[in-house]
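These numbers come from a predicted model, not from an experiment.
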Amino acid sequence: MTVEFSCKAHHSKAEKVGAKYQCRLEADVKDSYGSRLDFGILSATKEWKTFKQTLGSADNISEFLKAVNSSQHPSYKLLWAQNNPVSGYDSGDNLMIDNILITLQK
């Protein structure tokens, strides 16, 4: 399976663009964060860029698979979160996401 999307940062003050974001896939199970599939850190820029990664290359895959296999029909959520302490958040930080494509490979 491959996850692909386009992303770009936006801030009301152009000189402040550049927040870092974590991207992860979680099964909708009890400890979804503990069993997340972690795609790593995105450094958002002013320009659109494409993110593409296979699930097999993400971190924490064994815990993710255990969670998926223990649930009969899990649903999933694709999440983006700032990758710094809450005290470092800026109310003007925005991450724009477009063209989300999740592909199953044989």
Taking side chain as C-beta onward, heavy atoms only, is L78 less than 4.5 Å from C23? yes
From [X] atom [atom1] to [Y] atom [atom2], the distance as rounded to the nearest 0.5 Å:
X	Y	atom1	atom2	answer
L25	L55	CG	CG	6.0 Å
I102	E4	CD1	CD	11.0 Å
K46	K8	NZ	NZ	10.5 Å
N99	C7	CG	SG	11.0 Å

Which hydrophobic side chains are connected to M96, either touching it within the sub-4.5 Å cutoff or through other members that do? W48
Hydrophobic clusters here meaning ILVMFWY residues chained together by side-chain heavy-atom distances under 4.5 Å, can you tell me if [X] and [Y] are in one?
X	Y	answer
L95	F39	yes
V3	I100	yes
L37	L65	yes
F51	Y21	yes
Y76	I97	yes

Among pairs that include at least one residue of residues 91-101, which meet salt bridge (Lys or Arg N to Asp or Glu O under 4.0 Å), considering only residues two or more places apart or in two chains? none
State which residues pass side chain to side chain donor-acceptor pair (under 3.5 Å) with S32; sequence neighbours excluded, sorted by chain then number. E26
Side chain to side chain donor-acceptor pair (under 3.5 Å) involving T2 - partner list, sequence neighbours excluded: Q105
For K77, is the NZ atom crowded, meaning more than 12 foreign heavy atoms sit under 6.0 Å from it? yes
Whether over 12 other heavy atoms sit under 6.0 Å from K20 NZ: no
For residues 55-68, pull every pair meeting side chain to side chain donor-acceptor pair (under 3.5 Å), keeping only residues two or more places apart or in separate chains. Q53-S57, T54-S57, E63-K66
Centroid separation F5 to W80 less than 6.0 Å: yes
Return the set of residues passing side-chain contact (heavy atoms from CB on, under 4.5 Å) with Q22 (not counting sequence neighbours), or none when no residue passes. R24, Y33, R36, D38, I41, N83
CA sep, side-chain torsions, deciding dist, call: T45, V17, side-chain contact (heavy atoms from CB on, under 4.5 Å): CA-CA 6 Å; T45 66; V17 168; 5.6 Å; no
